[in-house]
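Structure record follows, encoded as C-alpha cells.
Lettering follows sequence order; numbering is per chain, from 1. The analysis underlying the following values was restricted to heavy atoms, covering all of them including side chains, and did not include hydrogens, waters or symmetry mates.
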Number of protein chains: 2
Amino acid sequence: MRASGRDTRGDHGARPAVRPATGVAGGSPADTAAVEREATKRGARTDRRVPTLDEVARLAGVSRSTASRVINGQSYVSARARAAVTEAVTRLGYRPNMLARSLATRRTNSLALVVSEHGSRVLDDPFFARLLRGVYAGLAGTGLQLVLLMDQDGQDHAALGRYLCAGHVDGTLVVSLHGEDPLPGQLRSAGVPTVLVGRPLSTVDLPYVDADNFNGAVAAARHLAAAGRGTLVTIAGPRDMAVGIDRLAGWRCGMAAAGRRTAGVAHGDFTVEGGAAAMTRLLADHPDLDGVFAASDLMALGAMRALRAAGRTVPDDVAVVGFDDSDLAATAVPPLTTVRQPVEELGRTATWRLLGELDAEDQLPPSVLLPTELVARASG
Amino acid sequence: MRASGRDTRGDHGARPAVRPATGVAGGSPADTAAVEREATKRGARTDRRVPTLDEVARLAGVSRSTASRVINGQSYVSARARAAVTEAVTRLGYRPNMLARSLATRRTNSLALVVSEHGSRVLDDPFFARLLRGVYAGLAGTGLQLVLLMDQDGQDHAALGRYLCAGHVDGTLVVSLHGEDPLPGQLRSAGVPTVLVGRPLSTVDLPYVDADNFNGAVAAARHLAAAGRGTLVTIAGPRDMAVGIDRLAGWRCGMAAAGRRTAGVAHGDFTVEGGAAAMTRLLADHPDLDGVFAASDLMALGAMRALRAAGRTVPDDVAVVGFDDSDLAATAVPPLTTVRQPVEELGRTATWRLLGELDAEDQLPPSVLLPTELVARASG
DNA sequence: CCCAGTTCTGAGAGCGCTCCCACATTCGGC
DNA sequence: GCCGAATGTGGGAGCGCTCTCAGAACTGGG
C-alpha cells in the first residue's frame with residue numbers, strides 16, 4: 001500500500017483536533033507503478049448499475065419513446081403518461097446518459113477552450129482570466145458547458161487534437177497558438193467548428209478574432225517618439241507567435257513613420273522574468289536608452305524592476321510603455337502607460353462568432369479585429 | 001448581420017499593414033438574440049460526413065471486427081489485414097468516434113478537475129496554478145485527458161453536476177468547495193469516482209486530500225506568540241470553507257496552548273483586496289496590534305499593503321505571517337514568513353488517489369492529510 | 001355515423017463502436 | 001496423416017439514447 005507512512009484519517013468531516021505534526025514524506029505518488037499503469041487497463045467502474053431509459057419506461061408503464069418525450073419536454077404526451085414518467089424518474093434517480101444522447105443527436109452541448117500552452121503557465125497570466133470572463137459572458141444563457149483543455153506534460157500535443165476531433169465537443173476556441181501548430185489544421189479537416197483567438201501564423205482557413213496589435217504598437221511608438229525620448233528600444237514577444245510578430249512590426253512601422261529608428265530589440269516570453277531579463281540585456285547593449293516599449297504589461301513590469309535594479313528611475317530616466325492594460329498596469333508604481341486591448345470583448349466576440357458558426361448562420365464575418373488604444377499614465 | 005461596423009478581414013494569415021485605426025464599437029455581441037438562442041436549436045454541424053469504422057473495413061476488405069482490432073492494436077491480426085486497414089485509415093482520414101467507443105466501453109479516458117468557484121476568480125489565485133501542475137504531474141503517462149470545469153455565470157450550479165454525472169468523464173477531482181455544496185453528494189450517488197481536494201464541510205462519504213491546515217495555523221500562532229508580540233490578530237478565510245475554518249481553529253488552539261488570547265478576528269476572501277480590507281478593519285478596532293496571521297499569502301500581502309498605508313512598518317511595528325508559501329511570499333518586500341503547504345503534492349496525491357479508485361485498488365487510504373511547516377522570513 | 005383532423009403511443013431502425021462467440025485456417029507434434 | 005492448440009476472421013448483439021413512421025385513440029363538424 002503506497003500510502004503507508006502518511007497520515008490518513010477516515011473521520012470525514014470531523015472537526016480536526018491537535019495531532020502530532022504530520023511527517024514522513026514517503027515515496028512520491030508518481031512512482032513507477034503509477035506511471036506504467038496504462039490507460040487501457042483502467043476503468044473498473046463502480047458496478048452499481050445506473051438506471052436506463054428503458055427501466056424508467058417499464059416502471060412508468062409506457063414505451064421508451066414516450067419516456068424520452070417526457071424527459072425532453074416534448075409535446076404530444078398525455079398528462080397521465082407525463083406524471084408516470086416523472087414519478088419513475090425520481091423513484092429511480094434516473095439521469096440521461098449524455099454519451100448515448102450525443103451519439104444519437106450528434107451534439108454534445110459543450111465547447112472547448114483550448115490553450116496551446118502548458119497548463120501551469122496559463123494561470124499565471126491575467127490575460128487568460130480576462131479572456132475566460134469574456135467567453136463565459138458570451139456563453140451565458142446558451143446552456144452550453146465550457147471545458148478547458150491545456151497541454152499536459154506527460155502527453156504529446158496531438159492528444160489534444162485527438163480529443164477535440166473525436167466528437168467530445170461541438171466547437172472549439174483556440175487561444176495562444178505558437179508557430180506552426182498543427183491543431184487548427186486538424187480541427188479544420190475534422191470539420192469541428194473552430195474560432196481562433198489571435199491571428200494564426202499558418203495559413204489555415206479558420207476564422208479568428210484578434211486585437212489590433214499592429215496599430216496598438218504603432219500608437220506606442222508614436223507616443224514614445226513624441227515624448228522626446230532619444231534612444232528607444234523594445235522588448236518584443238516570442239518570435240513564434242503572431243501577437244509577438246504583429247506588435248514588433250507595428251512598433252517598427254510607427255517608428256519609421258515618426259522618422260526614428262529602433263536602437264535595440266530583445267525578445268521576452270510575456271512573463272515578468274522574461275521582461276526583466278530582456279531589459280537587462282538591452283541596458284547592457286544600450287546604456288543610453290531612455291524609452292522602452294514592452295509587448296506586454298507583465299514584461300513591462302519586469303522591465304521596470306530591472307531598471308530600478310540598475311538604478312534608473314521611471315519615467316525620469318527611462319519611459320516605459322506596456323501592452324494589455326491589465327489590472328496590474330494601473331496599480332503599478334508608477335502607473336503604467338500601456339496599450340489597452342479589449343480582452344473580455346475578445347473572448348465574448350470569439351464565443352459569439354463560434355455560436356454563429358454552430359448555428360450555421362451565414363453572413364458571418366470571416367475574421368474580426370478589435371481596436372486597441374493607448375492609455376497614458378505616469379510611466380512614460 | 002451583427003458584425004456590421006466592425007473591422008473585419010478575410011485575408012487570413014496575411015501580414016498586417018497600417019490601416020486607419022479600427023473603431024466603431026458596435027453593439028455588444030452578447031445581445032438579446034444571442035442570449036435567447038437556445039441550446040436545443042443549436043448544432044447544424046458541418047455536413048461533411050466523417051468516415052466510420054464500417055467504411056474503413058469495407059475499403060480494407062475486412063470485417064468491422066478486424067478493422068477494430070487493428071485500430072486498437074490487438075493481436076490475432078494477420079499482417080496483410082493490418083496493412084490494409086492502416087492504409088484505409090490514412091486514405092479516409094479516419095478518426096475513431098470517442099462517443100461511440102465510450103458508450104460501448106463505458107470509459108472515456110478523461111478526468112475532470114472541477115473548481116467550485118467562478119471561473120474568472122480562479123485564475124487570479126496562484127494556488128490553482130500550483131495545484132494544476134501537481135495534477136498534471138500525477139497524470140503523466142496515463143494517457144488520460146484532463147478537462148477543467150468551473151462555475152459559469154449564466155448557468156445554474158447544477159449544470160456542472162449534470163455534466164459530470166452524465167458519463168462525460170471517468171472520474172472527478174473537486175476543489176474549492178464552499179459550504180454545503182450538493183455536488184459531492186450528486187457525484188457520490190451517481191457513482192462517479194471522486195476525490196475532493198480540501199476537506200468537505202458536509203459529511204459526504206468521499207475521500208479527500210488536504211493540507212494539514214490546522215497544525216500549520218498552530219505553528220503560526222506558536223511562532224508569533226514566541227516572538228514576543230503582545231496584541232495578536234488574525235485575518236481568517238471564509239466561514240463557509242473548511243480551509244478557512246480549520247486555519248482559524250488551529251490558530252485559536254495554538255494561541256490557547258501558548259496561554260494567549262486573540263485580540264481580533266476579521267474574515268477575508270483569500271484575495272489581496274479582501275486581506276487589505278480586513279487589515280484596515282482590524283487596525284481600526286485594535287490600534288495597538290503588533291502581530292497578524294493571515295490565512296493566505298494573498299491576504300497577507302493585502303494586509304501588508306494596508307499596514308503600509310496606515311504608516312506601520314513590517315516587521316518592526318507589526319509582524320505578518322501568511323499561509324501557502326506561494327511564489328509571491330518569497331519575493332514580497334519584506335519577504336513573508338508563512339506556512340508552507342505542499343500544493344503540487346496535494347494535486348499529485350489527489351490524482352494518484354483518484355487513479356487508484358479507478359483501478360478499483362483496495363487498501364486505499366480513505367483520506368490523506370499532507371504536512372505543513374512554518375517558513376520563517378523577514379516579515380514576522 | 002362517418003371521416004378528416006388532431007393528439008397520443010410504440011415499434012424499430014439507427015448513431016459508431018466494442019466484444020463475445022463461433023467458425024475457418026494454420027501449425028506443430030506424435 | 002490426424003488432432004488439439006494457436007491464430008485469424010466475421011457475424012451479431014449490445015451500449016443508451018433519439019427520431020421517424022405508422023397506427024391507435026380521441027375529437028367534432030356535417
(Q) Salt bridge check, A/Asp170 against A/Arg107: does any charged N sit closer than 4.0 Å to a carboxylate O? (A) no
Q | Side-chain donor/acceptor of B/Ser110 to backbone N/O of B/Gln145, under 3.5 Å | A | no
Q) Under the ring pair (Phe, Tyr, Trp, His ring centres under 6.0 Å) test, which residues partner B/Tyr163, sequence neighbours left out? A) B/His168
Q: Round to the nearest Å and state the distance from A/Asn109 atom CG to D/dT18 atom C1'.
A: 14 Å
Q: Output yes when a side-chain donor or acceptor of B/Asn97 lies under 3.5 Å from a complementary backbone atom of B/Leu99, and no otherwise.
A: yes
Q) Any donor-acceptor pair under 3.5 Å linking the side chain of B/Thr66 with the backbone of B/Val62? A) no
Q | DNA chain D contacts made by residues 78-85 of chain B, counting heavy atoms under 4.0 Å | A | B/Ser78, B/Ala81
Q: Go through the structure and list residues passing side chain to side chain donor-acceptor pair (under 3.5 Å) with B/Ser65, not counting sequence neighbours.
A: none
Q. Can you check whether B/Pro365's main-chain N or O pairs, donor with acceptor, with B/Arg353's side chain at less than 3.5 Å?
A. yes
Q | salt bridge (charged side-chain N to carboxylate O under 4.0 Å, His left out) contacts touching residues 69-92 of chain A (sequence neighbours left out) | A | A/Glu87-A/Arg91
Q.
Could you check whether any side-chain N or O of A/Ser367 sits under 3.5 Å from a backbone N or O of A/Tyr208, counting only pairs where one atom can act as donor and the other as acceptor?
A. yes
Q. With the sugar-phosphate defined as primed atoms, P, OP1 and OP2, and the base as all remaining atoms, what B/S/- string results for nucleotides 16-27 of chain C, 5' to 3', for protein heavy atoms under 4.0 Å?
A. BBBBB-------
Contacts under 3.5 Å, N or O only, protein and nucleotides 3-6 of chain D:
none

Q: Give a yes or no on whether the backbone of A/Val192 and the side-chain of A/Thr194 come within a donor-acceptor separation of less than 3.5 Å.
A: yes
Q: May I ask you to evaluate whether B/Ser63 reaches the phosphate of D/dG11, defined as a side-chain N or O under 4.0 Å from OP1 or OP2?
A: no
